[in-house]
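Numbers here are sequence positions counted from 1.
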Amino acid sequence: MFTTDTESYRLSRRGFLNAAALGAASIAVSACATVGPQPVEPPPPAYVEPPLLDYATMYAPVSDGGFDLPGIPYEKIDEQFLRQIVPDPTGQQPGTIVVDTVGHHLYLVRPGGQAIRYGVGLGRAGFEWSGNAVVQWKQKWPKWTPPEEMIARQPELAKYSADNGGMPGGLKNPLGARALYLFQGNQDTLYRLHGSPEWNSIGKSVSSGCVRLINQDIIDLYDRVPQKTPVIVTAGVGQQMVATANRKAIPIDAGVPEGSILLGPVRAIADQVF
């Protein structure tokens with residue numbers, strides 16, 4: 001049986017149209033398949049602070065800067081005053097240091113709603129202070145120079161006056177293994193976050209107006225704190241800060257030595273009074 005040219009043309013044209021229809025249907029199906037909802041990327045995991053070492057390791061003897069710090073009998077200290085990671089109660093930005101003078105705690109705010117909490121010893125009655133500041137100078141095994149007001153109360157400290165060169169850093173130095181020097185604007189407040197050889201003073205109010213930590217804790221804090229870290233000292237975490245404008249505390253230190261290289265210009269902060 002023979003097929004005419006006209007019939008061949010009709011068959012070829014019909015085949016082309018059928019193929020085109022199938023192709024269009026395939027494209028339509030493919031298009032429909034891509035119109036639906038796309039997979040949603042899961043949110044990144046929340047930041048989790050790396051766990052701390054156990055207490056026996058954290059408070060073990062330390063050789064540092066040529067000095068041998070004794071171990072701390074942490075079993076004799078209320079556990080709330082030992083270094084630990086806790087939910088952040090302050091609401092401050094990560095990187096902020098908050099000192100709660102009521103709870104005798106220092107919080108270093110971390111990301112993810114966490115904080116590293118340290119126990120502190122604070123100024124006794126009549127020497128309390130509160131306010132805003134910035135860490136503007138940091139020192140390892142700092143020299144201590146008692147201020148004139150302190151020497152007037154304790155004349156035996158005169159041998160460590162500025163004129164006599166201060167007390168060299170060491171195991172018996174009241175500033176301990178590290179000191180963070182607090183400034184308001186470009187003014188030295190004369191107050192410090194510092195170490196102390198008197199571990200049994202942590203959690204108590206016994207010192208002259210500064211915030212003291214266990215030496216092993218101030219070393220840990222020192223290494224975590226960058227330049228110009230904001231510091232808030234308050235009479236109650238979660239409450240509005242109240243400055244002691246009508247009660248001037250007597251500081252522990254006579255001031256940063258002249259010519260010291262500070263950490264750079266400090267941003268403007270609230271005009272609070274220590």
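- Looking only at distances, no side-chain donor or acceptor of D78 sits under 3.5 Å from a matching main-chain atom of F81.
- In this structure, R178 forms a cation-pi arrangement with Y222, its terminal cationic atom sitting closer than 6.0 Å to the ring centre and no more than 45° off the ring axis.
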Item checked: Pair I151-S161, side-chain contact (heavy atoms from CB on, under 4.5 Å): steps then yes or no -> CA-CA 8 Å; I151 293 174; S161 67; 3.7 Å; yes
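- Taking both residues in full, the closest heavy atoms of P146 and L157 are given as CG-O, 3.9 Å, listed atom of the first, atom of the second, then distance.
- Note: F67 and W141 have tilted aromatic rings, judged against thresholds of 30 and 60 degrees for the angle between ring planes.
- Salt-bridge formation is detected for the pair R83/D220: a Lys NZ or Arg NE/NH1/NH2 atom is positioned less than 4.0 Å from an Asp or Glu carboxylate oxygen.
- Within a 6.0 Å radius of CD in E79, other residues, nucleotides and ligands contribute 12 heavy atoms or fewer.
- Other residues, nucleotides and ligands place more than 12 heavy atoms under 6.0 Å from the CD atom of E156.
- We find that D163 and K159 are not joined by a salt bridge, their nearest charged nitrogen and carboxylate oxygen being 4.0 Å or further apart.
- Results of the side-chain contact (heavy atoms from CB on, under 4.5 Å) test with F183 over L190, V231, D188 single out D188 as the only residue that passes.
- Side-chain contact check for V135 versus W137: every heavy-atom pair is 4.5 Å or farther apart.
- Using bins of under 30°, 30° to 60° and over 60° for the plane-to-plane angle, the ring pair Y59/Y55 lands in the tilted bin.
- One hydrophobic cluster, built from ILVMFWY side chains closer than 4.5 Å, holds both V98 and V86.
- A continuous path of hydrophobic side-chain contacts links I77 to L52 [ILVMFWY only; heavy atoms under 4.5 Å].
- A continuous path of Ile, Leu, Val, Met, Phe, Trp and Tyr side chains, each step under 4.5 Å between heavy atoms, connects I219 with L171, placing both in one hydrophobic cluster.
- L53 and Y74 fall within the same hydrophobic cluster, defined by Ile, Leu, Val, Met, Phe, Trp and Tyr side-chain heavy atoms under 4.5 Å apart, directly or through other members.
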> Where do E49 and R224 land on the salt bridge (charged side-chain N to carboxylate O under 4.0 Å, His left out) test, with the steps shown first?
Replying inline: CA-CA 13 Å; E49 185 68 20; R224 296 177 187 272; 3.7 Å; yes
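- A donor and an acceptor atom, one from each side chain of H104 and Q80, are nowhere located under 3.5 Å apart.
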